[in-house]
Amino acid sequence: GPGGYSAAFRAADLGLKVILVERYAELGGVCLNVGCIPSKALLHVAAVMDEVKHFDALGVSFGAPVLDLDKLRAHKSGVTRKLTSGLAGMAKARKVEIVRGYGSLVDAHHVQVEVTSGTSQDKTGETRSLSFKRAIIAAGSQAVRLPFLPDDARVVDSTGALNLPAVPRKMLVIGGGIIGLEMGTVYSTLGARIDVVEMSDTLMPGADRDLVNVWQKFNAGRFDRIMLGTKTVAAEATPAGIRVSFESAKPGIESPAPETYDLVLQAVGRSPNGRKIGADKAGVMVNERGFIPVDSQMRSNVPSLFAIGDIVGQPMLAHKAVHEGHVAAEVIAGELLNDKALASECFDPLVIPSVAYTDPEIAWVGLTEEQAKAQGKAIKKGLFPWGASGRALANGRAEGFTKLLFDAETGRILGGGIVGTHAGDLISEVALAIEMGADEVDIGKTIHPHPTLGESVGLAAEAAHGSCTDLMPVRKR
């Protein structure tokens with residue numbers, strides 16, 4: 001995956017001999033093959049389909065879309081293929097040796113590989129033994145499967161949903177997190193009616209409610225039911241579909257009625273693969289949840305073995321794994337090549353941004369407003385509504401806003417959240433501002449181009465400072 005190949009490429013660039021063990025025929029892991037990238041290809045198509053629905057009011061009319069699932073699948077696969085073939089070329093250019101198969105540790109300096117072949121992960125029966133001075137464990141995670149769901153083609157995880165087997169008439173998404181809501185967006189636009197069931201009281205846990213509320217209001221028409229505080233307790237495969245039963249998570253609250261669905265997506269999280277790599281044989285500590293504890297240099301309790309990505313803990317994000325992979329590779333190169341600067345590298349980000357690629361997108365980084373309240377942290381908030389953004393209005397998408405949170409005493413930025421189109425593209429500036437210790441004046445006096453969505457970041461900082469002339473004046477007390 002992104003963590004593993006980034007670590008391999010960085011180590012090779014630093015002069016080390018590198019072997020990369022991968023069970024699939026293509027590099028890229030979950031992210032490139034059955035996760036981040038194919039889902040964004042489909043979300044882009046869905047966004048364009050949704051966008052043109054409103055153009056009739058602007059004087060431009062289109063006919064109803066005609067769906068060709070085979071072409072849509074081919075488009076998605078083509079996007080993935082371009083990236084994975086590029087990775088193969090970069091590995092070859094760096095002289096990184098690719099060994100196909102399942103790797104399992106034998107001890108602290110040896111791994112046994114059960115060789116795979118073909119387009120999937122079929123074992124050939126052949127094994128290879130590899131020795132190493134250092135190894136980086138980047139074995140990732142897998143989707144959690146609910147034990148009571150039937151083994152039926154109409155019950156899928158995110159990988160199965162991305163295969164677009166068909167467009168269901170009625171679909172249930174189990175889990176109100178980012179993955180479930182992204183896939184629900186795609187299937188809804190393609191024509192499915194969607195129910196969402198979530199055991200907690202909120203959708204997209206981690207994001208501030210004011211951000212999620214904008215998304216939920218904008219998308220109200222997509223859903224027949226959003227069942228919060230509700231458990232999925234049983235499911236039965238019938239000729240008519242998957243009949244699912246629910247139960248309120250709160251005593252005394254009436255449970256929703258059972259319903260039959262043409263497709264059920266289980267998106268209740270991912271579990272790390274820490275117990276699937278022979279860690280015990282090498283003496284590597286794995287905690288009760290399957291994660292491998294590491295230090296700031298990504299080193300496990302065994303000096304020769306490092307670990308990165310989903311397998312070391314939350315957040316399970318590709319961009320975190322890439323940076324962890326670079327650190328591990330640099331530390332290893334520093335130790336083996338006697339480079340003290342490299343050997344002292346560590347993974348110490350102040351913040352890691354999160355993005356929900358729904359429509360509108362939701363992005364946040366650093367301290368949230370709800371966290372600040374829970375911690376009793378005094379903050380100053382700057383909020384710029386996109387209803388005052390010329391670019392958002394011109395785009396016909398002024399439902400969002402940009403929010404920045406500053407330390408009430410020092411003025412330094414602590415966090416921020418954005419809801420609106422391309423929010424994920426805008427959040428990086430906020431992350432950089434936090435890493436650089438910027439305050440509201442630094443951000444507000446940075447000249448942002450106009451008219452852009454990005455200038456909403458500068459205007460939110462001005463709003464916090466009290467110097468924003470694009471909003472009504474603040475009443476003086």
Okay, side chain of [X], backbone of [Y]: is any donor-acceptor separation there less than 3.5 Å?
| X | Y | answer |
| --- | --- | --- |
| Q297 | A343 | yes |
| T230 | L228 | yes |
| E399 | G420 | no |
| R222 | G184 | no |
| D208 | D210 | no |
| Y5 | A88 | no |
| E361 | G424 | yes |

With no hydrogens and no angle check, do the side chains of [X] and [Y] hold a donor and an acceptor under 3.5 Å apart?
| X | Y | result |
| --- | --- | --- |
| Y261 | D195 | yes |
| D359 | T185 | no |
| Q142 | K276 | yes |
| Q112 | Y102 | no |
| H448 | E429 | yes |
| T238 | E236 | no |

Is the W215-Y357 ring centre distance short of 6.0 angstrom?
no
For the atom pair NZ (K231) and OG (S245), what is the distance rounded to the nearest 0.5 Å?
13.0 Å
Just to verify, what does N301 make a side chain to side chain donor-acceptor pair (under 3.5 Å) with, not counting sequence neighbours?
none
Less than 4.0 angstrom from a charged side-chain N to a carboxylate O is my criterion; do [X] and [Y] meet it?
| X | Y | value |
| --- | --- | --- |
| R100 | D122 | no |
| E97 | R128 | yes |
| E370 | R209 | yes |
| E114 | K123 | yes |

Are the side chains of L367 and I434 in contact, using a 4.5 Å heavy-atom criterion?
no
